[in-house]
2 protein chains.
Amino acid sequence: MRSAETPLIRSLPLFRDMAEANFDTLMRGAYLQTFPPQIELITEGDPSDFLHVVIDGSVELFAGWNGRETVMATVRPISTFILAATIRNAPYLMSARTLEKSRIVLLPSVDVQAVFDVDAAFARAVVTELAQCYRGLVKHTKDLKLRTSVERLANYLLRKYTAAGAPAALDLVIEKRRLASYLGMTPENLSRAIKSLQAYGVTIEGSTVRISDPADLIGLAKPTPRIDDAAH
Amino acid sequence: MRSAETPLIRSLPLFRDMAEANFDTLMRGAYLQTFPPQIELITEGDPSDFLHVVIDGSVELFAGWNGRETVMATVRPISTFILAATIRNAPYLMSARTLEKSRIVLLPSVDVQAVFDVDAAFARAVVTELAQCYRGLVKHTKDLKLRTSVERLANYLLRKYTAAGAPAALDLVIEKRRLASYLGMTPENLSRAIKSLQAYGVTIEGSTVRISDPADLIGLAKPTPRIDDAAH
DNA sequence: CTATTGACTTGATAATAATCAAACCAGAGC
DNA sequence: GCTCTGGTTTGATTATTATCAAGTCAATAG
């Protein structure tokens with residue numbers, strides 16, 4: 001690949017510290033592709049041929065079993081996904097689809113593995129990234145196991161609200177049915193959960209969220225850094 | 001630390017390939033300690049001072065929120081826990097307690113980080129280990145989100161049954177209330193789930209599990225490698 | 001402008017799981 | 001042996017969540 005996106009990728013924590021020569025190796029084998037919305041990029045169970053980097057657009061990671069399906073995460077620029085499968089050279093555990101028109105860089109897993117084996121800085125960066133992903137998933141699991149659906153929604157809204165700097169109006173970016181799936185509930189249940197948060201000063205009209213009394217909502221949500229902090 | 005356990009630790013995938021000098025550095029700063037049962041080794045939120053290696057006994061990783069508590073994992077010899085917190089130098093997301101009398105090696109996080117920075121082989125081993133942990137957690141999350149409690153129990157039993165080589169009688173090792181918590185349900189609910197599996201040839205008396213018709217149970221459980229395989 | 005589509009909502013009902021309370025039971029200590 | 005303790009089970013009830021069905025609504029294609 002030879003394109004304007006190369007410096008963008010290079011600036012990611014994952015690629016920032018590696019040797020120039022190794023980065024070049026990765027880029028030489030890379031493909032930059034543009035996908036339309038609703039395209040299934042990878043399917044769980046398939047061998048992990050590529051490490052993916054979302055440059056533009058958004059990608060949903062999801063998993064299915066026995067006719068059911070659940071959203072595991074939404075990936076937005078600029079970040080990678082299915083790093084763990086690539087590193088372990090194991091089949092994907094999740095599927096991925098584009099939510100909108102997206103530009104994605106595909107790095108052949110063999111190249112990633114080869115560079116991983118020779119470039120210590122890259123290996124260390126991979127560790128940091130993976131540890132972050134792992135901790136994110138620990139938080140998600142705690143959220144699911146320790147909270148009811150209304151509590152999960154309340155905390156989700158507070159996280160977005162805080163991240164956006166406590167704005168008067170907040171956009172819900174994600175479709176409600178996908179949010180419901182991510183939070184581990186049905187769309188109907190989410191609809192009712194939203195209603196029940198009205199008592200705490202939350203109104204959601206279309207995709208616009210308003211939180212009139214954050215303190216009140218916090219009283220219900222009881223957020224904790226060990227579940228709700230983005231960093232850590 | 002200077003003890004008989006050193007070669008045991010050295011043989012772990014995590015430490016196998018690192019330079020002898022760096023391994024010695026780690027061991028020099030290490031403590032081997034014996035803990036009685038029910039001792040809280042670490043508390044979530046605390047800074048990650050040590051990487052722990054369970055040599056003997058067993059340790060439960062758990063997390064709490066708002067008066068509730070859930071079992072996240074059980075760690076048995078020989079393996080490490082809270083690697084991610086150590087690497088990221090971030091507070092623990094989970095607490096840990098001994099389940100029985102246990103011998104545990106404590107490796108100061110500063111040493112682990114220092115060696116991680118200079119020993120590429122160790123860094124790569126950490127990646128492999130972390131990727132494995134991450135994928136294990138993805139599977140656990142899929143299990144929780146895609147299955148009912150009876151389905152989770154059925155698959156849990158099949159995993160243990162298969163791992164043990166399909167024995168006539170299988171020991172349930174873990175206390176039922178802890179299993180219930182791990183599987184995301186109450187003890188009462190687990191008790192009823194066990195009963196409902198009798199229709200599929202499962203009997204559990206005390207801690208002894210018998211599966212008279214695995215095929216029948218598989219028909220209910222519908223295990224998939226993407227959730228239920230230990231490897232991958 | 002109308003028809004269609006798909007997301008979202010609402011209501012009714014059913015399934016699932018949690019809670020509360022009371023036994024039951026096995027092991028540890030006396 | 002007994003008693004105590006804590007895990008487990010059972011039953012009754014409630015809470016939570018899912019399912020099914022019918023509607024609303026907004027965007028869009030024709």
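Each chain gets a letter, A, B and so on, in the order the sequences are listed, and its residues count up from 1. Heavy-atom basis, side chains included; hydrogens, waters and symmetry copies ignored. Just so it is clear, the model here is predicted, and its values are computed rather than measured.
Side-chain N/O atoms of E188(A) and base N/O atoms of dC8(C) include no donor-acceptor pair closer than 3.5 Å. In this model, a side-chain donor or acceptor of R192(B) finds a partner on the base of dG11(D) within 3.5 Å. Residue side chain R178(B) does not reach the base of dG7(D) through any donor-acceptor N/O pair under 3.5 Å, judged by distance alone.
Atom CG in N189(B) sits about 13 Å away from atom C1' in dT17(D), given to the nearest Å. With rounding to whole Å, L172(A) atom CG is found 9 Å from dC8(C) atom P. Here dT17(D) presents its P atom at 12 Å from CG of L144(A), a figure rounded to the nearest Å. Computed from coordinates, the K145(A) NZ to dA17(C) P distance equals 14 Å when rounded to whole Å. To the nearest angstrom, P of dA17(C) lies 9 Å from CD of E151(B). At whole-Å resolution of the value, CD in E205(B) and P in dC24(C) are 19 Å apart. Spacing between atom CZ of R68(A) and atom P of dA18(D) amounts to 11 Å, rounded to whole angstrom units. One can place CG of L190(B) at 9 Å from P of dT8(D), the figure rounded to the nearest angstrom.
Side-chain atoms of E175(A) lie closest to dA7(C) of the nucleotides dA7(C), dT10(D), dG7(D). The listed nucleotides are dT8(D), dA18(C), dT9(C); the one nearest the side chain of K176(A) is dT9(C).
Under the 3.5 Å distance criterion, the side-chain polar atoms of S109(A) are matched with a main-chain donor or acceptor of S48(A).
Among I227(B), V138(B), D229(B), the single residue meeting the side chain to side chain contact (heavy atoms under 4.5 Å, CB included) criterion with L93(A) is V138(B).
For the helix from dC1(C)-dG30(D) to dC30(C)-dG1(D), the axis fitted to the five pairs at one end and the axis fitted to the five pairs at the other end meet at an angle of 30° (nearest 10 degrees).
Between N155(B) and W65(A), the shortest heavy-atom contact is ND2-CZ2, 4.4 Å. What you find for V150(B) and L197(B) is that their closest heavy atoms are CG1-CD2, 3.8 Å.
Using bins of under 30°, 30° to 60° and over 60° for the plane-to-plane angle, the ring pair Y182(B)/H140(B) lands in the parallel bin.
Ion pairing between a basic and an acidic side chain is recognised when a charged N comes within 4.0 Å of a carboxylate O; K195(A) and E188(A) show no such pairing.
Nearer to the 5' terminus of DNA chain D, by closest-nucleotide assignment, is the contact made by I174(B) (compared with the other of I174(B) and V150(A)).
Base contact: T186(B) has a heavy atom under 4.0 Å from a base atom.
Considering only side-chain N and O atoms, S191(B) lies nowhere under 4.0 angstrom from the phosphate OP1 or OP2 of dT8(D).
In this structure, R97(B) forms a cation-pi arrangement with F62(B), its terminal cationic atom sitting closer than 6.0 Å to the ring centre and no more than 45° off the ring axis.
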